[in-house]
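For reference, the structure is listed below as structure tokens.
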Amino acid sequence: MIRGAVTIFLLAVNLAFWGIPVMSAGLLKFVTFGAARRRVILGLAKLAEGWVGGNNRIFDLMLPIVWDVAGLEEPIRADGHYLILSNHVSWVDIFALFRIFDGKVAFLRFFLKQELIWLPIAGQACWALEFPFMRRYTQEYLEKHPEKRGTDLETTRIAVQRYRTIPVAILNFVEGTRFSETKRQDQHSPYRHLLRPRTGGISFVLASLGDQLDAVLDITIVYPQRELTLWEFVTGRVPRIIIRGRRLDVPPEFLTTAITEPGPARGRFKKWMDSIWREKDALIDQLTVFF
């Protein structure tokens with residue numbers, strides 16, 4: 001309990017120390033344009049990297065974790081454009097992915113629920129750093145307001161266009177939500193350890209940035225707990241985190257707008273993603289023997 005409380009306190013102090021300057025300096029985006037705005041965004045990303053470094057030092061000081069990372073030995077560049085695909089188990093995934101990519105690629109951006117923009121400091125800092133915020137509508141709402149269908153994909157398209165002018169690593173939790181056994185059963189997922197992949201957002205990233213992407217990286221995260229809470233993490237009940245990475249060879253036809261529209265190309269893209277997810281599911285099976 002003490003370890004958890006102290007770890008959360010230190011993480012909160014670290015967030016305030018770096019987040020408030022990022023949030024405040026982000027207001028410059030209202031009065032800058034073009035090259036000047038680009039310099040502001042790059043400067044904000046440098047500040048945010050200080051937050052990542054502070055978190056890593058806190059984890060090393062407070063938590064007895066063995067970080068078992070492999071598969072990212074190939075050179076990757078901090079000034080490049082990357083799409084990072086990952087399974088999603090817990091909020092801990094975000095800390096883990098920031099850790100393994102710290103200093104190797106540009107500051108990670110990922111899609112957030114619109115409501116999180118009001119999260120004190122963190123939400124406003126993410127806005128300043130050009131994180132895309134997505135509105136999620138219930139099926140009942142969409143039935144009453146069909147004009148709202150596809151707005152999340154439009155948000156993706158706009159965000160990705162902005163990323164063409166800055167180095168970026170776009171993180172996509174392909175399942176769209178954190179894993180749970182209940183969700184897996186509700187989806188009738190064909191995988192043992194994963195939910196079904198959602199390909200809409202990825203297709204827009206590939207179609208919009210395909211000519212600029214230096215690589216698509218596939219990341220698999222495995223914990224001792226099948227469903228991990230943040231509290232279990234900060235109280236030191238995660239002795240080992242296993243992360244495996246690989247570079248994906250993306251067929252050229254999946255770097256065009258054809259995969260964003262109904263048709264054979266999108267069907268082949270979904271089958272390709274299914275094959276990647278089946279390989280990931282089998283890999284998780286193999287890695288769980290370490291616990």
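- Side-chain contact between Tyr82 and Arg77: present, with at least one pair of heavy atoms (C-beta onward) separated by less than 4.5 Å.
- Counting all heavy atoms, side chain and backbone alike, Arg247 lies closest to Pro75 at NH2-O, 3.2 Å.
- Residues Ile242 and Trp67 have side chains not in contact (no heavy-atom distance under 4.5 Å, counting atoms from C-beta outward).
- Remark: the backbone N or O of Asp93 is not paired with any side-chain donor or acceptor of Ser90 at under 3.5 angstrom.
- In this structure, Arg3 contributes its side chain and Met62 its backbone to a donor-acceptor pair below 3.5 Å.
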Which atom pairs, one a donor and one an acceptor, fall under 3.5 Å between side chains of residues 251-259 and the rest of the protein, sequence neighbours left out?
{"from": "Glu253", "atom 1": "OE1", "to": "Arg268", "atom 2": "NE", "distance (Å)": "3.2"}
{"from": "Glu253", "atom 1": "OE1", "to": "Arg268", "atom 2": "NH2", "distance (Å)": "3.0"}
{"from": "Glu253", "atom 1": "OE2", "to": "Arg268", "atom 2": "NE", "distance (Å)": "3.2"}
{"from": "Thr256", "atom 1": "OG1", "to": "Glu253", "atom 2": "O", "distance (Å)": "3.0"}
{"from": "Thr256", "atom 1": "OG1", "to": "Ala258", "atom 2": "N", "distance (Å)": "3.4"}

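- Nearest heavy atoms, Ala25 versus Leu44: CB-CD2, 3.5 Å.
- Judged by distance alone, the side chain of Trp277 and the main-chain N or O of Leu195 form a donor-acceptor pair under 3.5 Å.
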Which is it for Leu83 and Leu206 under the side chain to side chain contact (heavy atoms under 4.5 Å, CB included) test, yes or no, and what are the steps along the way? CA-CA 8 Å; Leu83 172 60; Leu206 290 173; 3.8 Å; yes
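- Ion pair Arg109/Glu130 not flagged as a salt bridge, since none of the NZ, NE, NH1 or NH2 atoms sits closer than 4.0 Å to an Asp/Glu carboxylate oxygen.
- Panel note: side chain Gln124, backbone Ile117; a donor-acceptor pair is recorded below 3.5 Å.
- Of the charged side-chain nitrogens involved, none lies within less than 4.0 Å of a carboxylate oxygen, so that Glu261 and Arg266 do not count as a salt-bridged pair.
- Cluster membership for Leu283 and Phe290, using ILVMFWY side-chain heavy atoms within less than 4.5 angstrom, is shared.
- In this structure, SG on Cys126 lies 11.5 Å from CD1 on Ile121, to the nearest 0.5 angstrom.
- Here the closest heavy-atom approach between residue Leu72 and residue Gly245 is recorded as CD2-CA, 4.1 Å.
- Side-chain contact between Ile76 and Asp214 is absent, with no heavy-atom pair separated by less than 4.5 Å.
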Full working for side chain to side chain contact (heavy atoms under 4.5 Å, CB included) between Val92 and Glu232: CA-CA 10 Å; Val92 178; Glu232 288 174 310; over 6 Å; no
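- A salt bridge links Arg99 with Asp60: at least one charged nitrogen is closer than 4.0 Å to a carboxylate oxygen.
- Hydrophobic clustering (ILVMFWY, side-chain heavy atoms < 4.5 Å, transitive): Leu119 and Phe111 are in distinct clusters.
- Between the side chain of Tyr223 and the backbone N or O of Pro239 there is no donor-acceptor pair closer than 3.5 Å.
- A salt bridge does not link Arg178 to Glu227: none of the charged side-chain nitrogens sits closer than 4.0 Å to a carboxylate oxygen.
- Of the possible polar contacts, one joining the Gln187 side chain to the Arg196 backbone as a donor-acceptor pair under 3.5 Å is found.
- Residues Pro197 and Met273 share a closest heavy-atom pair of CB-CE, 4.4 Å.
- Using modelled atom types, no side-chain atom of Arg226 and backbone atom of Val89 make a donor-acceptor pair closer than 3.5 Å.
- Asp102 CG to Phe107 CZ: the interatomic distance, rounded to the nearest 0.5 Å, is 9.5 Å.
- Under the rule for a ring-ring contact (aromatic ring centres under 6.0 Å, His included), Phe179 has no partner lying at least two apart in sequence or in another chain.
- Within 6.0 Å of atom CG in Asp186, more than 12 heavy atoms from other residues, nucleotides or ligands are found, so the atom counts as buried in its surroundings.
- Here the side chains of Arg164 and Asp211 are in contact, with some heavy-atom distance below 4.5 Å.
- Side-chain atoms of Asp274 and Tyr191 include a donor-acceptor pair closer than 3.5 Å.
- The shortest side-chain heavy-atom distance between Phe233 and Ile65 falls under the 4.5 Å cut-off.
- At a threshold of 4.5 Å between non-hydrogen side-chain atoms, the residues Phe173 and Leu97 count as touching.
- A donor-acceptor distance shorter than 3.5 angstrom exists from the side chain of Glu175 to the backbone of His88, with no hydrogens or angles considered.
- Note that CG of Asn55 and CZ of Phe59 are 5.0 Å apart. Values are rounded to the nearest 0.5 Å.
- A single hydrophobic cluster is seen to contain both Leu11 and Ile2, as judged by linkage of ILVMFWY side chains at heavy-atom distances under 4.5 Å, directly or through other members.
- Between Ile219 and Ile243, the closest side-chain pair of non-hydrogen atoms falls below 4.5 Å.
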Which is it for Phe131 and Leu116 under the side chain to side chain contact (heavy atoms under 4.5 Å, CB included) test, yes or no, and what are the steps along the way? CA-CA 11 Å; Phe131 281 60; Leu116 293 178; over 6 Å; no
Pair Phe98-Trp51, ring pair (Phe, Tyr, Trp, His ring centres under 6.0 Å): steps then yes or no: CA-CA 10 Å; Phe98 270 119; Trp51 169 75; 5.4 Å; yes
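- In terms of hydrophobic clustering, with Ile, Leu, Val, Met, Phe, Trp and Tyr side chains grouped at heavy-atom distances under 4.5 Å, Trp127 and Ile20 are assigned to a common cluster.
- When the options Val216, Asn172, Leu108 are evaluated for a side-chain contact (heavy atoms from CB on, under 4.5 Å) with Ile84, the one that passes is Leu108.
- Nearest heavy-atom pair, Phe33 versus Phe30, reported as atom, atom and distance to 0.1 Å: CZ-O, 4.1 Å.
- Side-chain contact check for Trp231 versus Thr7: every heavy-atom pair is 4.5 Å or farther apart.
- Within the structure, side chain to side chain donor-acceptor pair (under 3.5 Å) pairs that include any residue of residues 279-291 comprise Arg192-Asp285, His193-Asp285, Asp218-Lys280, Thr220-Lys280, Arg246-Glu279 (at least two apart or interchain).
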Please determine whether side chain to side chain contact (heavy atoms under 4.5 Å, CB included) holds for the pair Val52 and Phe101, giving the CA-CA distance in whole Å, both sets of side-chain angles, and the decisive distance to 0.1 Å. CA-CA 10 Å; Val52 175; Phe101 284 109; over 6 Å; no
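- A distance of 11.5 Å separates CG of Leu42 from CG of Leu47, quoted to the nearest 0.5 Å.
- For Pro21 against Ala16, the heavy-atom pair with the smallest separation is CD-O, 3.9 Å.
- How far CD1 of Ile284 is from CG of Leu194: 4.0 Å, rounded to the nearest 0.5 Å.
- Transitive grouping of hydrophobic side chains (ILVMFWY, heavy atoms separated by less than 4.5 Å) brings Leu61 and Phe95 into a common cluster.
- Atom CZ of Phe9 is surrounded by 12 or fewer heavy atoms from other residues, nucleotides or ligands within 6.0 Å.
- In this structure, the side chain of Trp91 does not engage the main chain of Leu230 through any donor-acceptor pair within 3.5 Å.
- Rounding to the nearest 0.5 Å places CG of Leu10 at 12.5 Å from CG of Leu15.
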